[in-house]
Every structure is written in structure tokens, then in C-alpha cells.
Amino acid sequence: MFVKKINTNFLFNYLFIQVLVHIVYRVTFLDQVEEHFNISKNLFSETGSLTQFFIESPLLLILGNVLNIETLDRYLIITYLFAQIFILLICLELDFLGDYSSLFLISGWVVTISWFVGYVDILSVYILVLICKRILLNNVDKTLFFLFLILTLNHYAISLFSIITIWVLYIHKNVKNYFMFSITPFIFGFFIMNRFLNYINFSGRSRIRFIFNDGVLQSSVNFISNNFLEYLWSGFLGLIFLFLYLLFIKPWKQSRQYLISLLIMITATSLGLDTSRIFSILLVPLSIKVIYDFKNNETIQTINSKVLIFISTISTLFFQERYVYGKVNLESPNTQSKDFYELVPQIVNSIFSNIWS
């Protein structure tokens, strides 16, 4: 199965996303990554209470603790390799989009996973790809239960709103089965996460409670309202041209599904301060549906197809990212942590010091 997926599309996509991540957008670690590392070391032995919000997505913290990572540099390597593994897996799973699979890589989620290494966003993207792929291939079955369970454990807010948007975009039959295999694992995953948080003595405000902190909702809505076009661009990037084209040529019934799902995502994003970061991930099901419908639309002429792909790709590469995260950022907002491009030669020199000396 693995070997069958290694073809020219996979190789191109993998090389393409590596160039985007490492050269076009540039890798940056979270500003708070050292705090993540310190919590990871003592995750199950902390005597005081833990209050940091990111503990509600604890996979990398658990991984660092289980692997007994004792230095910050090693923790940074683990977070980077974690992202790289799932980038590889995503490229392998894009085979169902055929020759159009590269279009998925020119949307905003790639900026997010490049600029926020240290979060588990890449796993959310991978699980969403698997879910959308299974549904498009008419596999609404028990596997969805486990996928939605993992997604909920990884980030329950993204899971909740993804359940709704996928229903709007994808589910036209087997509705009962879909909700059974999505809502049930969401409830189960939410319960497991709360039990885990109690076990490690987490006493901070949950994502739901955080919405009602003074000024959070007002600031979040203002970020979107004052920078709405930049906000949309940050999620879609060049894929927005494909989206607008399909809105124009598709029957109103299907265009309406696109727009309803987009409105749900905008509403969800307005509830928190991680504006473009969350929007770009929530947009994954819509991005996949747009590409899939474009691929299977027989009315699109070859010339129109090539022009649209060209415009979408070139606009992504030549127009700067406009990432709404506290303000409109033209480069990564994470500037305080260790530079990835200093870490790599430092590690290489350390490994080969005896040979090169």
C-alpha cells in the first residue's frame, strides 16, 4: 500500500511542500516552546497546578515526557520531526485528488504548520484529510469513529466545528451513521481529555471558558472585522481563486453549501484569538471539497483549468502571506524562540565534530 502511493505526484508534492515550509515561509518554533519543554519534563510529576491553555492539546508534551527529553534542543528536534512525519503522511494520502493534489498545498494550513512548530496542528490537518478522503470514497464506517476520537483528543474545538462543516459539505446520505461515528467519539474524547487534565492537576481555563475572558471576544471579532480580506486570504491563499470560480459555475444549491461551511468557520474563528491559525485548519475540509469538485467537473475546459491552476499557484508564491494573529503579519509572529536555521548547523557540527576536526 505504501509503495503504491509513491508516484510522481507524491514526489512532486513532497518536494513542493518542503520548499514552501523551509524556504518560502521558513520554519519557526513557538515563542513559548521552552515553556512547553519545561512542562513536558515534569508533566506527570508536577506538584503545583498547571494553567497553560495549550495543555488541552498535550500530545507533544506527553511524547517529550515519555521519550525522557532532557534538553531544549532535543525537544525542538522532536517537534520538528513530528511535523515532518505528518507532512509525509499527508502527501501520501493525497492520491485521491490525482493530478490536482498539489493545489491542496497552496492553502493557508501550510503557513500555519511552518510558523507554529511546537503545536499539534499538523496532526489535525492529517486526520481531517483522512476523514474527508474516506467520506468522498463512500466509506462512512467505524474507522471514522477512531479518526474523530483522535481529532477530539488533539483539539476538541477544531473537532466540533469540523463535524458540522463536514456534514454540510459532504454528507448527503448515511446522515445517521455519520453523526453516530462523529458525535459519539467527540463526547467520548472530550470526557477522556477532561479526565487526563484532572489527573495532571490542570486548573487553568478551558478553551470554552477562555472565550468569556474580558476582552477576548471583542478583540477576536475586531481582528477579523478590521482585516477581513487579509483574514480570508490567510486561510485560502491562492486557492481562493478556485473557490470563487466554483461558486460562479456551480448550481446555487452546491454553492450555498460552500458558503454555509465558510460562514460556520468564520463564526468559529471569531471565538478565539488564534485567528488565522485556527481558520486555516478549519478550512481543510472545504479546500479538499473544492479541489475534488474541480477535479470531477466535466464542464471545465482544459484551457480554463490550466489558467486557474496557474493563477492559484502563482498568486500564492508571489503575494505575501497576510496572517491575522494579533495583527496582520507578513512574516512569522514567532520571533523569540531559537532559530531553526541556527539549530540545524549546530546539531550537524556536534554530530560530526570528531570527524571534521
Side-chain angles (χ1 to χ4, degrees), residues 94 96-104 106-109 128-129 131-140 144 158 160-179 181-183 221 224-225 227-271 275-276 278-313 315-316 324:
L94 293 180
F96 71 106
L97 296 176
D99 293 338
Y100 297 89
S101 57
S102 302
L103 290 171
F104 182 61
I106 60 171
S107 53
W109 69 269
L128 286 171
V129 169
I131 290 172
C132 295
K133 179 179 180 179
R134 292 196 67 81
I135 295 175
L136 286 171
L137 298 178
N138 296 315
N139 293 322
V140 180
L144 287 182
I158 287 175
L160 175 61
F161 287 102
S162 294
I163 289 170
I164 300 171
T165 56
I166 290 171
W167 168 56
V168 171
L169 287 168
Y170 292 80
I171 306 302
H172 309 299
K173 56 182 180 179
N174 295 325
V175 177
K176 183 178 178 180
N177 285 344
Y178 171 73
F179 280 116
F181 294 137
S182 59
I183 297 295
V221 172
I224 297 176
S225 177
N227 308 284
F228 190 68
L229 294 180
E230 289 89 346
Y231 162 75
L232 289 178
W233 175 257
S234 71
F236 281 101
L237 293 183
L239 204 62
I240 197 168
F241 296 106
L242 201 64
F243 174 71
L244 293 174
Y245 180 75
L246 287 181
L247 279 182
F248 180 73
I249 68 167
K250 286 288 186 181
W252 169 240
K253 181 178 180 180
Q254 189 163 357
S255 296
R256 184 173 56 199
Q257 291 174 342
Y258 292 159
L259 292 172
I260 290 173
S261 67
L262 180 60
L263 292 173
I264 292 170
M265 296 170 202
I266 293 171
T267 302
T269 311
S270 70
L271 300 177
T275 313
S276 289
I278 298 301
F279 180 56
S280 65
I281 300 170
L282 287 176
L283 206 60
V284 166
L286 178 58
S287 299
I288 291 175
K289 188 65 164 62
V290 165
I291 298 168
Y292 188 81
D293 289 347
F294 180 75
K295 168 181 174 286
N296 293 294
N297 194 314
E298 298 178 355
T299 64
I300 299 177
Q301 298 178 1
T302 303
I303 184 67
N304 290 341
S305 172
K306 290 181 178 179
V307 169
L308 274 172
I309 293 172
F310 177 79
I311 292 173
S312 297
T313 305
S315 63
T316 297
V324 182

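Not measured: the values here are computed from a predicted model. The figures that follow rest on heavy atoms only: side chains count, while hydrogens, waters and symmetry mates do not.
- Applying the ring pair (Phe, Tyr, Trp, His ring centres under 6.0 Å) rule to Phe310 yields no partners; only residues at least two apart in sequence or on another chain are considered.
- Note: Ile163 CD1 to Ile264 CD1 = 12.0 Å, rounded to the nearest 0.5 Å.
- Side-chain atoms of Ser182 come within 3.5 Å of backbone atoms of Tyr178 as a donor-acceptor pair (strictly under, hydrogens ignored).
- One N or O on the side chain of Ser234 and one on the backbone of Tyr231 form a donor-acceptor pair closer than 3.5 Å.
- Annotation: ring pair (Phe, Tyr, Trp, His ring centres under 6.0 Å) contacts of Tyr100 (sequence neighbours excluded): Phe294.
- In this view, Tyr258 and Gln254, Asp293 satisfy the side chain to side chain donor-acceptor pair (under 3.5 Å) rule, not counting sequence neighbours.
- Here the closest non-hydrogen pair linking Ile266 and Ile224 is O-CD1, 4.2 Å.
- The aromatic rings of Phe236 and Phe279 sit perpendicular, their planes meeting at an angle over 60°, well past the 30° parallel limit.
- The line from CD1 of Ile311 to OH of Tyr245 is 11.0 Å long, rounded to the nearest 0.5 Å.
- The two residues Thr275 and Thr269 have their closest heavy-atom pair at O-CG2, 2.9 Å.
- Atom CG of Leu242 sits about 10.0 Å away from atom CG of Leu247, to the nearest 0.5 Å.
- Across Leu169 and Lys289, no two heavy atoms sit closer than the pair O-CE, 3.2 Å.
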Practice task
Decide yes or no on side-chain contact (heavy atoms from CB on, under 4.5 Å) for Leu237 and Ile106, but give the supporting numbers first.
Solution key: CA-CA 7 Å; Leu237 293 183; Ile106 60 171; 5.7 Å; no

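- Formation of a donor-acceptor pair under 3.5 Å by the Ser225 side chain with backbone atoms of Val221 is not found in this model.
- Remark: Ser102 OG to Leu97 CG distance equals 9.5 Å, nearest 0.5 Å.
- Checked by atom type and distance alone, the side chain of Ser312 never pairs as donor or acceptor with a backbone atom of Ile309 at under 3.5 Å.
- We find the CG-CZ distance between Leu232 and Phe243 to be 8.5 Å, quoted to the nearest 0.5 Å.
- Residue pairs meeting the side-chain hydrogen bond (donor to acceptor under 3.5 Å, both in side chains) criterion with at least one member in residues 162-175, sequence neighbours excluded, do not occur.
- The CD1 atom of Ile281 lies 12.0 Å from the OG atom of Ser287; values are rounded to the nearest 0.5 Å.
- Partners of Ser107 according to the side chain to side chain donor-acceptor pair (under 3.5 Å) rule, which considers only residues two or more places apart in sequence or in another chain, are Trp109.
- Pairing each heavy atom of Ser101 with each of Leu94, the nearest pair is CB-O, 3.4 Å.
- Of all heavy-atom pairs spanning Gly98 and Lys295, the tightest one is N-CE, 4.1 Å.
- Applying the salt bridge (Lys or Arg N to Asp or Glu O under 4.0 Å) test to every pair with at least one member in residues 251-270, sequence neighbours left out, gives no pairs at all.
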Practice task
Before giving the answer on side-chain contact (heavy atoms from CB on, under 4.5 Å), spell out for Leu239 and Leu283 the whole-Å C-alpha distance, their side-chain angles and the decisive distance to 0.1 Å.
Solution key: CA-CA 11 Å; Leu239 204 62; Leu283 206 60; over 6 Å; no

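- Other residues, nucleotides and ligands contribute over 12 non-hydrogen atoms within 6.0 Å of the CG atom of Asn177.
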